[in-house]
Every structure is written in structure tokens, then in C-alpha cells.
Amino acid sequence: MLEVAGLSAGYGEVEVLWDVDLEVGEGEIVALVGSNGAGKTTLLRAVSGLIRPTAGEVRFEDRPLAGLRPEAIVRYSIAHVPEGRHLFQGLTVRENLLAGAYARRNGADMDDVIELFPHLGERMSQLAGSMSGGEQQMCAIARGLMSRPKLLMIDELSLGLAPKLVDDILERLGAVAERGTSLLVVEQDVDAALRIAGRGYVLETGRIVASGPSSELSEDPRVREAYLGIA
């Protein structure tokens with residue numbers, strides 16, 4: 001579904017990614033893991049059109065995306081939940097969710113999203129900025145789902161959240177995939193990411209250094225020592 005081939009990208013004269021290859025299949029959960037500053041966020045920004053690649057190509061359902069504006073890429077059924085959530089803090093939960101459907105006339109039914117995140121149903125009239133970090137993360141993911149994406153990309157899902165809440169959100173992402181939405185999950189918590197994903201990629205200093213089934217990456221000595229703290 002998503003194919004990234006030979007991708008290089010950065011900011012001005014500062015190159016961050018070099019020759020990155022990555023694929024996400026239909027209904028698949030793929031983890032992109034690595035340390036802070038490895039280039040994970042830059043890769044998502046290149047896919048969603050927030051920055052322009054300097055080399056390589058990005059294709060979705062065999063259609064080229066490189067050079068398209070973000071709003072055009074959203075209409076191709078790709079949703080991006082950015083690091084830090086970036087909700088409209090002064091709007092209610094309901095208003096934030098409706099904003100997620102603005103680009104598509106056939107946006108998701110609100111009831112479908114609340115079924116996945118029932119806690120939000122109790123917060124519909126609450127200002128998004130007054131909720132806890134976990135509630136805001138749920139709202140950000142739900143807002144992304146309101147556009148009925150075929151691919152949902154989530155940047156640093158667990159940032160600032162308690163482990164129990166992370167496990168709860170990951171479980172719900174499994175239900176999202178079962179409904180047919182592909183997911184590319186960017187995460188510093190390698191253990192959490194590999195537990196939910198079928199496959200994964202390890203990004204270090206802008207380059208993919210390992211990839212494969214999550215079970216194999218979890219047993220890779222380099223991954224275990226560098227990211228799981230197991231020598």
C-alpha cells in the first residue's frame with residue numbers, strides 16, 4: 001500500500017534521511033523505531049507532504065506522493081497523528097473530531113470512533129486542552145480516524161504516557177487494523193511497538209539498519225542491547 005524507495009529528506013541544507021526503503025501492506029501494522037533524533041518524524045513528514053524529499057520516491061497504492069501538498073495527500077486517505085498531538089486546545093472533543101473529517105465528505109461516523117475510544121464519548125463537550133495527556137492522545141488518534149484513512153501514521157504514541165495507558169491504546173490500534181486500516185507507528189518504546197506490529201524497521205542516524213518480522217527484531221542482539229536494555 002505504502003512504498004518508500006531510496007528516500008532522502010531534510011531541512012534546508014541539513015540532510016536527515018538517506019536512502020530509506022520502507023513498505024506498509026494493506027491492513028498491516030508496521031513499527032518504525034529508533035532513538036530520539038534518528039529521523040523518524042522527518043520520514044513521516046516526508047510521506048504526509050509536510051516536507052519535500054530531496055531524492056527517492058513515495059508511492060501510495062502505486063500513486064506518487066512526492067511533491068503533493070498535505071491536503072492532497074489527506075484526500076488520498078492518509079492521516080498523520082503528529083508528535084505532541086496538536087489538538088485544537090480551545091475546541092471541544094466533538095469539534096476536534098469533526099475537524100478530522102473536514103477533507104472528506106464521507107468522513108467516519110462519530111459512533112464508530114467512539115466505539116473504539118468509549119472514554120471520549122463521556123468528554124464530547126469538554127475542551128481538549130483540559131484533558132489528560134492520555135485522553136488527548138486518544139482524541140488525536142480518533143480525529144485521524146474521522147477521515148476514514150486507509151493508512152494512519154502515528155508519531156511517538158507513548159510520549160509522556162503511563163505504561164498501562166500505552167497498553168490500552170495499543171490494544172485499540174489492533175482493533176483499528178482489524179477493521180482494515182493500515183498503521184505505521186513511530187515509537188521510541190521499542191518493546192511496545194514490536195509487541196503490536198507484525199513487522200518493524202530500525203532507523204539510526206537517518207538510515208534503516210535493520211528490518212523484518214517483529215519477533216526476529218526482538219531477538220536481534222543489536223536491537224536487544226541498544227533498545228531493550230538486554231545485553
Side-chain angles (χ1 to χ4, degrees), residues 1-9 16-17 20-33 39-88 96-109 112-113 116-117 137-157 169 172-187 193 196-201 203 208:
M1 180 170 283
L2 175 70
E3 181 182 5
V4 176
L7 180 71
S8 296
V16 177
L17 299 174
V20 170
D21 295 336
L22 178 147
E23 293 183 352
V24 180
E26 186 174 353
E28 186 178 29
I29 302 178
V30 174
L32 177 63
V33 301
K40 305 184 300 297
T41 293
T42 300
L43 195 152
L44 292 196
R45 288 175 175 169
V47 172
S48 59
L50 295 174
I51 62 172
R52 289 177 177 263
T54 56
E57 58 180 354
V58 179
R59 303 184 70 85
F60 185 71
E61 295 185 322
D62 207 31
R63 293 175 294 194
L65 299 184
L68 294 180
R69 295 180 61 83
E71 57 268 29
I73 291 175
V74 169
R75 292 188 177 92
Y76 277 168
S77 294
I78 298 175
H80 180 180
V81 179
E83 179 182 0
R85 299 176 274 275
H86 292 282
L87 295 174
F88 298 106
N96 269 277
L97 295 181
L98 291 174
Y102 85 97
R104 294 181 63 86
R105 294 180 180 177
N106 62 336
D109 190 311
D112 292 340
V113 173
L116 281 168
F117 297 99
Q137 184 65 286
M138 289 181 187
C139 187
I141 295 171
R143 182 180 63 181
L145 290 171
M146 284 294 291
S147 66
R148 284 187 176 174
K150 295 179 180 178
L151 172 66
L152 179 66
M153 304 189 300
I154 305 176
D155 195 359
E156 299 295 3
L157 179 148
I169 294 177
R172 297 176 195 281
L173 292 185
V176 171
E178 289 174 1
R179 295 184 179 196
T181 300
S182 302
L183 291 111
L184 177 57
V185 180
V186 164
E187 185 55 66
I196 187 177
R199 292 190 303 111
Y201 294 84
L203 189 66
I208 298 293

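Note that the structure is a prediction, hence the values are computed from the model and not measured. Residue numbers start at 1 and run along the sequence shown.
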Pairing residues for E28 by the salt bridge (charged side-chain N to carboxylate O under 4.0 Å, His left out) criterion, not counting sequence neighbours: R199
The criterion is salt bridge (charged side-chain N to carboxylate O under 4.0 Å, His left out); which residues satisfy it with E57, sequence neighbours excluded? R59
Stepwise, does the side-chain contact (heavy atoms from CB on, under 4.5 Å) test hold for V176 with I29? CA-CA 10 Å; V176 171; I29 302 178; over 6 Å; no
[X]: which residues meet the side chain to side chain contact (heavy atoms under 4.5 Å, CB included) condition with it, sequence neighbours left out?
{"X": "A66", "result": "P53"}
{"X": "R69", "result": "E71"}
{"X": "L2", "result": "V4, L22, V24, V47, V58, F60, L151, L184"}
{"X": "A142", "result": "L97, V113, F117, L120"}

Rounded at 0.5 Å granularity, tell me how far [atom1] in [X] sits from [atom2] in [Y].
{"X": "L17", "Y": "I51", "atom1": "CG", "atom2": "CD1", "value": "6.5 Å"}
{"X": "T54", "Y": "L7", "atom1": "OG1", "atom2": "CG", "value": "7.5 Å"}
{"X": "L145", "Y": "R172", "atom1": "CG", "atom2": "CZ", "value": "12.5 Å"}
{"X": "I154", "Y": "I169", "atom1": "CD1", "atom2": "CD1", "value": "8.5 Å"}
{"X": "L44", "Y": "E156", "atom1": "CG", "atom2": "CD", "value": "9.0 Å"}
{"X": "L65", "Y": "E3", "atom1": "CG", "atom2": "CD", "value": "11.0 Å"}

[X] to [Y] - nearest heavy-atom pair and separation:
{"X": "V81", "Y": "I141", "answer": "CG2-CA, 4.0 Å"}
{"X": "Y201", "Y": "E23", "answer": "OH-N, 3.0 Å"}
{"X": "L116", "Y": "A175", "answer": "CD2-CB, 3.8 Å"}
{"X": "A79", "Y": "G144", "answer": "CB-O, 3.5 Å"}
{"X": "P149", "Y": "T181", "answer": "O-OG1, 3.4 Å"}
{"X": "K40", "Y": "V186", "answer": "CB-CG1, 3.4 Å"}

[X]: partners by side-chain hydrogen bond (donor to acceptor under 3.5 Å, both in side chains), with sequence neighbours left out:
{"X": "D155", "result": "T41"}
{"X": "S8", "result": "none"}
{"X": "E61", "result": "R63, K150"}
{"X": "S48", "result": "H80"}

Check whether any side-chain N or O of S182 sits under 3.5 Å from a backbone N or O of G27 as a donor-acceptor pair, and report yes or no. yes
Can you check side-chain contact (heavy atoms from CB on, under 4.5 Å) on V20 and L203, steps first, answer last? CA-CA 9 Å; V20 170; L203 189 66; 4.3 Å; yes
